Amino acid sequence: MVMTLDEATRRATARQELCSQVKNLLIDRLSLDVDPGSIADDQPLFGRGLELDSIDTLELAMAVEDTFGVTVTDDDTHSLLSLNRLVDHIEGAAA
């Protein structure tokens, strides 16, 4: 399927907006003292990234379900490895 330039632009803009929403969700729900602009889209959420822990994982999964209506199950935990993967998961569930 070939996408027109206009469709590609709309899709990219929608993804940027979703990334921004997820960054703000992370900061608000997890009480992170971080500027949303400092979170890279490919930044890991755990380890050397935002250094989230297992309790943060549960809170983030609940926040995603509350905000976007998307469930993150034990089988989906790979989607929590980075911001991009989480956005991919949200987009995939909405498709």
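Residue numbers run from 1 in the order of the sequence given. Computed from a predicted structure; not experimentally measured.
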message = In this structure, would Met62 and Val22 fall into the same cluster of hydrophobic residues linked by side-chain contacts under 4.5 Å?
response = no
Phe68 and Leu58: same hydrophobic cluster, using ILVMFWY side-chain contacts below 4.5 Å?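 Different clusters.
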Would the distance check show the side chain of [X] and the main-chain N or O of [Y] forming a donor-acceptor pair, the cut-off being under 3.5 Å?
{"X": "Ser20", "Y": "Gln16", "value": "no"}
{"X": "Thr57", "Y": "Asp53", "value": "yes"}
{"X": "Glu7", "Y": "Thr4", "value": "yes"}
{"X": "Lys23", "Y": "Ile39", "value": "yes"}
{"X": "Thr73", "Y": "Asp75", "value": "yes"}

Hey, could you give me the [atom1]/[atom2] distance between [X] and [Y], rounded to the nearest 0.5 Å?
{"X": "Thr77", "Y": "Phe46", "atom1": "OG1", "atom2": "CZ", "answer": "9.0 Å"}
{"X": "Gln43", "Y": "Leu26", "atom1": "CD", "atom2": "CG", "answer": "9.5 Å"}
{"X": "Leu86", "Y": "His78", "atom1": "CG", "atom2": "NE2", "answer": "10.5 Å"}
{"X": "Cys19", "Y": "Leu83", "atom1": "SG", "atom2": "CG", "answer": "5.0 Å"}
{"X": "Leu30", "Y": "Leu50", "atom1": "CG", "atom2": "CG", "answer": "9.0 Å"}
{"X": "His89", "Y": "Thr71", "atom1": "NE2", "atom2": "OG1", "answer": "7.5 Å"}

Across all chains, not counting sequence neighbours, the side-chain hydrogen bond (donor to acceptor under 3.5 Å, both in side chains) partners of Arg10 are Asp6
- request: Using a strict 4.0 Å threshold on nitrogen-to-oxygen distance, state whether Asp41 and Arg15 make a salt bridge.
  value: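 No.
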Answer whether the closest heavy-atom distance between the side chains of [X] and [Y] falls below 4.5 Å.
{"X": "Leu18", "Y": "Glu91", "value": "yes"}
{"X": "Val70", "Y": "Glu65", "value": "no"}
{"X": "Leu52", "Y": "Leu32", "value": "yes"}
{"X": "Leu45", "Y": "Leu81", "value": "no"}
{"X": "Ser79", "Y": "Val72", "value": "yes"}
{"X": "Ser82", "Y": "Asp42", "value": "no"}

- Give the intermediate values and the outcome of side chain to side chain contact (heavy atoms under 4.5 Å, CB included) for residues Asp66 and Arg29. CA-CA 11 Å; Asp66 291 347; Arg29 290 291 288 264; 3.3 Å; yes
